[in-house]
2 protein chains.
Amino acid sequence: MVTEQETTARTRVPLSKDRVLRAAVALADASGIEAVTMRKLAAELDVEAMSLYYHVANKEQLLDGMVDVVISEIEDECGGFAVPDNVEWKVALRTRIMTARAVMLRHRWAPELLETRTNMSARLVRYFDTVLGIMIEGGFSYDLGHHAMHALGSRVLGFNQELFKPDNDRQEEESNEMLAAMAEQLPYIVTMMQEITHEDPESTLGWCDDQAEFEFGIDLMLDGLERLRG
Amino acid sequence: MVTEQETTARTRVPLSKDRVLRAAVALADASGIEAVTMRKLAAELDVEAMSLYYHVANKEQLLDGMVDVVISEIEDECGGFAVPDNVEWKVALRTRIMTARAVMLRHRWAPELLETRTNMSARLVRYFDTVLGIMIEGGFSYDLGHHAMHALGSRVLGFNQELFKPDNDRQEEESNEMLAAMAEQLPYIVTMMQEITHEDPESTLGWCDDQAEFEFGIDLMLDGLERLRG
DNA sequence: ACCTGAACACCGTTCAAGT
DNA sequence: ACCTGAACACCGTTCAAGT
């Protein structure tokens with residue numbers, strides 16, 4: 001019995017802030033951000049809920065840490081946060097944004113979390129610095145760069161603030177049915193639905209699988225900024 | 001004693017879904033969305049928490065209802081959701097968006113709520129229909145109108161997805177101090193801070209009091225769309 | 001028809017205590 | 001140094017019961 005205890009104690013990897021954060025990210029990926037409670041996360045780590053408080057001050061800090069893990073992934077995938085040389089600013093910025101987007105698609109809870117956090121991650125600020133840097137080295141004035149940062153907003157992290165939500169369960173059936181019933185109330189939307197044949201039927205409502213719409217929006221802004229840069 | 005009971009019973013306005021929703025909006029305005037719990041809302045209405053469930057199925061429906069109240073305010077302030085005649089599309093759309101923005105500034109919890117809701121308010125869809133209608137009547141193809149709706153995203157409701165958050169308590173002191181310490185880590189941002197004299201110092205970080213930045217972003221998109229319309 | 005009380009299954013978190 | 005148990009103040013919600 002004592003031997004068994006010793007064995008498990010030796011086998012078990014000790015907890016650490018890093019391990020806690022990684023487990024939290026994995027849990028959110030698998031079951032959504034609402035499944036990330038101190039108790040469930042602890043269970044995932046085969047530990048009591050209160051043990052987490054030794055590595056993390058409170059839940060706020062846990063969520064901040066999860067954001068940081070996501071930003072780290074972007075940094076890794078970009079090969080660091082240096083402003084590239086010899087690349088046109090628009091290309092450099094666009095590829096960076098698309099890389100960020102790829103990371104966000106792996107962690108679909110991340111956009112909402114990013115937007116609701118009030119603490120600023122230091123790593124996130126460094127990401128913003130290189131985004132700004134790409135524009136400055138590309139010939140932007142600091143004034144225009146500043147406006148651009150605000151205008152791009154969270155788009156620089158590869159996601160869009162869509163307002164049409166997935167409407168998970170019922171997909172086409174009820175939705176089309178509802179729209180048909182409201183035809184005279186919604187003349188333009190109904191006509192649009194009829195005119196536009198969506199290649200990928202589920203891409204209309206989801207925010208994240210609609211790569212083409214995201215790229216349309218990004219290019220609209222980048223082209224506009226290029227024009228203002230002169 | 002019986003008389004007193006009768007008096008209070010006669011004096012008290014009976015609960016209704018409408019009264020519940022208005023109270024919830026008022027509570028969120030005053031104390032933030034996190035203060036809107038079934039128990040606190042009930043207390044505000046001088047009623048037990050369980051009484052709310054007679055007028056509202058659950059908390060989800062309560063939050064959906066709050067969104068609907070906000071959209072109603074926009075509708076009222078726009079004088080209904082009809083597509084205006086004899087107004088240039090860009091002007092019509094811009095004023096509508098700015099009206100929505102004014103409403104959002106009165107209910108600062110609303111943007112976050114709008115973005116996290118998964119149920120689509122019928123009234124919100126009608127709002128979108130007139131936004132699309134303005135563009136179609138302004139000479140947009142349905143295809144371009146569709147792209148534009150996605151690109152504008154929640155901006156059509158008058159808010160921006162900012163990633164720099166207020167950082168409420170400590171304003172300049174710690175923030176500037178921190179930036180100075182990170183000067184070599186954040187060369188571009190630090191320079192930008194130095195170069196740009198903000199007329200309104202608190203407008204840089206807050207998402208909502210920065211009217212000028214919002215207008216810059218909106219005009220960037222509207223001008224871009226005008227160019228694509230041809 | 002409208003409201004309530006007690007109870008349940010969950011939260012985050014504190015604090016004193018264990019090894 | 002690291003982890004735990006019991007307890008507290010809060011959630012949303014059910015259900016049987018009151019008027």
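Naming: A, B, ... by sequence-line order, numbering from 1 per chain. The structure displayed is predicted, hence computed values, not measured ones.
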- Note on the structure: OH (Y127(B)) and SG (C78(B)) are apart, to the nearest 0.5 Å, by 6.0 Å

- Task: Tell me whether the OP1 or OP2 atom of dC3(C) has a side-chain N or O from H55(B) closer than 4.0 Å.
- Result: yes

- Query: Which residues within residues 22-34 of chain A lie with some heavy atom under 4.0 Å of an atom in DNA chain C?
  - Reply: none

- Message: Side chain of Y53(A) only, heavy atoms from C-beta on: which candidate in dG12(C), dC11(D), dA6(C) is closest?
- Response: dG12(C)

- Message: Check this one for me: any side-chain N or O of Y54(B) less than 4.0 Å away from OP1 or OP2 of dC2(C)?
- Response: yes

- Select from E48(B) and K40(A) the residue whose nearest nucleotide in DNA chain C is closer to the 5' end of that strand. E48(B)

- Query: To the nearest Å, how far apart are D18(B) CG and dC2(C) C1'?
  - Reply: 17 Å

- Is there side-chain contact between M38(A) and M50(A), with at least one heavy-atom pair below 4.5 Å? no

- Counting Watson-Crick and G-U wobble pairs only, both distances under 3.5 Å, name the nucleotide matched with dA6(C), or none. dT14(D)

- Does K59(A) have a side-chain nitrogen or oxygen under 4.0 Å from the phosphate oxygens OP1 or OP2 of dC11(C)? no

- Message: Do N160(A) and H150(B) pair up side chain to side chain, a donor and an acceptor below 3.5 Å, judged on atom types alone?
- Response: no

- Query: Taking only N and O in the side chain of S51(A), is any of them less than 4.0 Å away from OP1 or OP2 of dC2(D)?
  - Reply: no

- At under 4.0 Å between heavy atoms, what does M38(B) touch on the DNA or RNA strands: base, sugar-phosphate, or nothing? sugar-phosphate

- Output the single nucleotide from dC11(C), dC3(D), dT13(D) whose closest atom is nearest the side chain of M50(B). dT13(D)

